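Scroll down for the structure; my scribbles are underneath it.
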Amino acid sequence: MFGREQLPTKSTDELLAMRRAGLVVAQLLAAVADAVRDGITTGELDDVAAEVIARNGARSNFLGYHGFPGVICTSVNQQVVHGIPGEQVLHTGDVLSVDGGAIVDGWHGDSAISLVVGGPDHGQPQDLALIEATRESMWAGIGGFREGRGVYELGGDIEDSVHAAATGYREAGLDLDFEIVDGYTGHGIGREMHMEPTVFNERVSAKGPRVRTGATVAIEPMVTLGTFETEELDDGWTVVTLDGSRAAHWEHTVACTPGGLWVLTAQDGGAAELAAHGLPFAPLAD
């Protein structure tokens with residue numbers, strides 16, 4: 001199961017270039033989130049993303065990737081990842097996950113968010129819990145990405161966070177459970193969008209390559225309200241839960257820097273969330 005994967009490091013100049021790509025991705029996702037409303041199509045959201053890419057002189061790393069036809073992935077309700085933007089109409093209360101990326105000067109950024117169409121006031125309690133638990137598990141993984149650790153160990157951090165969230169919600173009276181989607185992981189990132197190493201979302205026996213200063217990965221948990229099992233639709237892309245349960249997906253591109261962490265796809269570099277989680281914020285710019 002575990003090969004001899006590598007986790008290469010980047011120079012300061014290379015991290016700065018990745019930050020430029022990450023900022024485009026942050027703008028893209030913010031613009032798409034702002035455009036989400038009842039009655040809009042996922043294709044119209046793709047147009048919003050394309051405009052941000054063009055305005056910044058960047059390139060999409062999704063469009064044309066193994067033939068993918070969109071600038072972003074738009075996954076709705078039981079769709080976990082890789083949903084193709086098109087004629088699907090969004091409705092108030094839907095759970096929408098948006099995954100987007102950009103290339104600037106040959107360097108990649110990759111990030112994803114999940115939200116409720118119409119805003120949190122229109123979300124079911126279980127859906128809001130799912131989105132928040134998935135987001136928190138991403139930050140648990142980010143917090144574990146520190147020098148000297150094995151990168152596979154992040155899977156245990158993410159899994160523990162998901163299980164703790166489920167326990168907390170049940171103790172608060174919300175009848176739910178979470179499952180981590182099987183077979184999908186985070187990844188290394190740099191000159192390519194998907195590189196070694198694998199960044200697991202569950203605990204595994206191996207520790208993996210050691211994290212060093214200058215390393216970059218994309219951490220992206222995918223969690224459901226039902227089964228961990230999925231299938232791919234006939235379009236060759238869209239992944240859905242087997243039982244029709246709703247799913248959420250969060251992702252950030254992160255760098256291990258001297259003294260801490262720099263979230264390359266967060267508008268503020270991760271400053272606010274890292275502080276909230278008691279984690280060291282160590283940007284090289286901004």
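These numbers were taken from a predicted model, which means no experiment stands behind them.
Here the closest heavy-atom approach between residue L29 and residue G100 is recorded as CD2-N, 4.2 Å. Contact record, P8 with E196: CD-O, 4.3 Å, taken as the closest heavy-atom pair. Contact record, D94 with V89: OD2-O, 4.4 Å, taken as the closest heavy-atom pair. Counting all heavy atoms, side chain and backbone alike, F281 lies closest to G269 at CE1-O, 3.3 Å. The heavy-atom pair separating N201 from Y184 by the smallest distance is ND2-O, 3.3 Å. Smallest separation of non-hydrogen atoms from V24 and V104: CG2-CG2, 4.0 Å.
Distance check, rounded to the nearest 0.5 Å: CG of L233 to OG1 of T238 gives 5.0 Å. Taken to the nearest 0.5 Å, the CG atom of L23 stands 12.5 Å off from the CG atom of L28. Atom CD of E132 is separated from atom CG of D127 by 13.5 Å, given to the nearest 0.5 angstrom. Atoms CG and NE2, from N77 and H91 in turn, are 9.5 Å apart once rounded to the nearest 0.5 Å.
Counting heavy atoms from C-beta outward, L176 and L174 have side chains that approach closer than 4.5 Å. Residues T265 and D110 form no side-chain contact, since every pair of their non-hydrogen atoms from C-beta on lies 4.5 Å or further apart. Contact of the E232 side chain with the H82 side chain is not registered, since no non-hydrogen atoms from C-beta on lie closer than 4.5 Å. Counting heavy atoms from C-beta outward, Y152 and V204 have side chains that approach closer than 4.5 Å. Between V199 and V151, the closest side-chain pair of non-hydrogen atoms falls below 4.5 Å. L274 has its side chain within reach of W139: a pair of non-hydrogen atoms, C-beta onward, lies under 4.5 Å apart. You'll find the side chain of E136 reaches within 4.5 Å of the side chain of H277, heavy atoms only. E220 places a side-chain heavy atom less than 4.5 Å from the side chain of H187.
Note: the hydrophobic cluster containing V211 also contains M138 (ILVMFWY, side chain heavy atoms under 4.5 Å, direct or indirect links). Both L16 and W107 are part of a single hydrophobic cluster, where members link through side-chain heavy atoms under 4.5 Å apart. Grouping the Ile, Leu, Val, Met, Phe, Trp and Tyr side chains by contacts below 4.5 angstrom, directly or via other members, places V80 apart from F228. Criterion: ILVMFWY side-chain heavy atoms under 4.5 Å apart, direct or through other members. Under it, I53 and V48 are part of a common hydrophobic cluster. Under the 4.5 Å side-chain heavy-atom criterion for ILVMFWY residues, no single connected hydrophobic cluster contains both V181 and I113.
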Report, one line per pair, each donor and acceptor closer than 3.5 Å where one atom sits in a side chain of residues 114-124; sequence neighbours left out.
from: S114; atom 1: OG; to: S97; atom 2: OG; distance (Å): 2.6
from: S114; atom 1: OG; to: H249; atom 2: N; distance (Å): 2.8
from: S114; atom 1: OG; to: H249; atom 2: O; distance (Å): 2.9

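Within 6.0 Å of atom CZ in R59, 12 or fewer heavy atoms from other residues, nucleotides or ligands are found, so the atom counts as exposed in its surroundings. The number of heavy-atom neighbours closer than 6.0 Å to CD of E231, taken from other residues, nucleotides and ligands shown, is above 12.
Counting Ile, Leu, Val, Met, Phe, Trp and Tyr side chains that sit under 4.5 Å apart, directly or through other members, I84 shares a hydrophobic cluster with F62, Y65, F68, M193, W237.
A donor-acceptor distance shorter than 3.5 angstrom exists from the side chain of S137 to the backbone of T134, with no hydrogens or angles considered. The main-chain N or O of R203 is found under 3.5 Å from a side-chain atom of E159 such that the two form a donor-acceptor pair. Without hydrogens or angle criteria, W250 side chain to I131 main chain gives a donor-acceptor distance under 3.5 Å. The closest donor-acceptor contact from the side chain of E44 to the backbone of T41 lies under 3.5 Å. For D182 (side chain) and E229 (main-chain N/O), no donor-acceptor pair under 3.5 Å exists by modelled atom type. Between the side chain of T241 and the backbone N or O of S245 there is at least one donor-acceptor pair closer than 3.5 Å. With hydrogens and angles ignored, the 3.5 Å screen pairs no side-chain donor or acceptor of D99 with any backbone N or O of C73. In terms of modelled atom types and a separation under 3.5 Å, the side chain of T257 and the main chain of A282 share a donor-acceptor contact. Of the possible polar contacts, none joining the D243 side chain to the G226 backbone as a donor-acceptor pair under 3.5 Å is found. For D46 (side chain) and V71 (main-chain N/O), a donor-acceptor pair under 3.5 Å exists by modelled atom type.
A salt bridge does not link R170 to D175: none of the charged nitrogens lies less than 4.0 Å from a carboxylate oxygen. Salt bridge annotation for R135-E273: present, with a cationic side-chain nitrogen under 4.0 angstrom from a carboxylate oxygen. Under the 4.0 Å criterion applied to side-chain N and carboxylate O atoms, D157 and R149 are assigned as salt-bridge partners.
For the residue pair N56 / Q27, a side-chain donor-acceptor distance below 3.5 Å is found, with atom types taken as modelled.
C256 pairs with exactly one of E147, R146, R212, K10 by the side chain to side chain contact (heavy atoms under 4.5 Å, CB included) rule, that one being E147. Of the candidates V254, T216, L264, I189 forms a side chain to side chain contact (heavy atoms under 4.5 Å, CB included) with just one, namely T216.
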